[in-house]
Amino acid sequence: MNPGADQQLRALLTNAMRQLPFEQRAVIYRAYYQRWTVARIADDLKITEATVKSRLHDGLRTLRRATSTE
């Protein structure tokens, strides 16, 4: 990937993350930027592990659609 395309994808992803509901953004940030486990995220946010997984799934699906080049 060339640097220009990489920079464009990063900007697209950043914008897409900002558009997510806070609940989804919070779990994605903890899972992928802080590398927390599902259990730790659930404990930190005082939600169930199933809720963490659901929010991750929904948020990642939205990000995939927003950053799709097709």
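Sequential numbering from 1 along the given sequence is applied to the chain's residues.
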task = Show your reasoning for whether side-chain hydrogen bond (donor to acceptor under 3.5 Å, both in side chains) applies to Thr51 and Ser54.
result = CA-CA 5 Å; Thr51 300; Ser54 176; over 6 Å; no
request  = Evaluate the criterion side-chain contact (heavy atoms from CB on, under 4.5 Å) for residue pair Leu20 and Leu63; output intermediate values, then yes/no.
outcome  = CA-CA 8 Å; Leu20 289 176; Leu63 289 175; 4.0 Å; yes
task = Go through the steps to decide whether Asp58 and Arg55 satisfy the test salt bridge (charged side-chain N to carboxylate O under 4.0 Å, His left out), and finish with yes or no.
result = CA-CA 5 Å; Asp58 294 343; Arg55 290 178 183 177; over 6 Å; no
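Scanning both residues, Met17 and Arg25, for their nearest heavy atoms gives O-CD, 3.2 Å. Residues Thr67 and Leu12 share a closest heavy-atom pair of CA-CD2, 3.6 Å.
Counting only heavy atoms from C-beta outward, the side chains of Val27 and Glu23 never approach each other to under 4.5 Å.
Under a 3.5 Å cut-off, the side chain of Ser68 and the backbone N or O of Arg64 do not form any donor-acceptor pair.
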Could you list the donor-acceptor pairs under 3.5 angstrom formed by side chains in residues 30-40, with sequence neighbours left out?
unit_1	atom_1	unit_2	atom_2	d
Arg30	NE	Asp44	OD2	2.8
Arg30	NH1	Ala26	O	3.2
Arg30	NH2	Asp44	OD2	3.2
Thr37	OG1	Arg40	N	3.0

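Tracing side-chain contacts under 4.5 Å through hydrophobic residues (I, L, V, M, F, W, Y), one never reaches Leu9 starting from Leu60; they form parts of separate clusters.
Summarising the local packing, CD of Gln19 is surrounded by more than 12 heavy atoms from other residues, nucleotides or ligands at distances under 6.0 Å.
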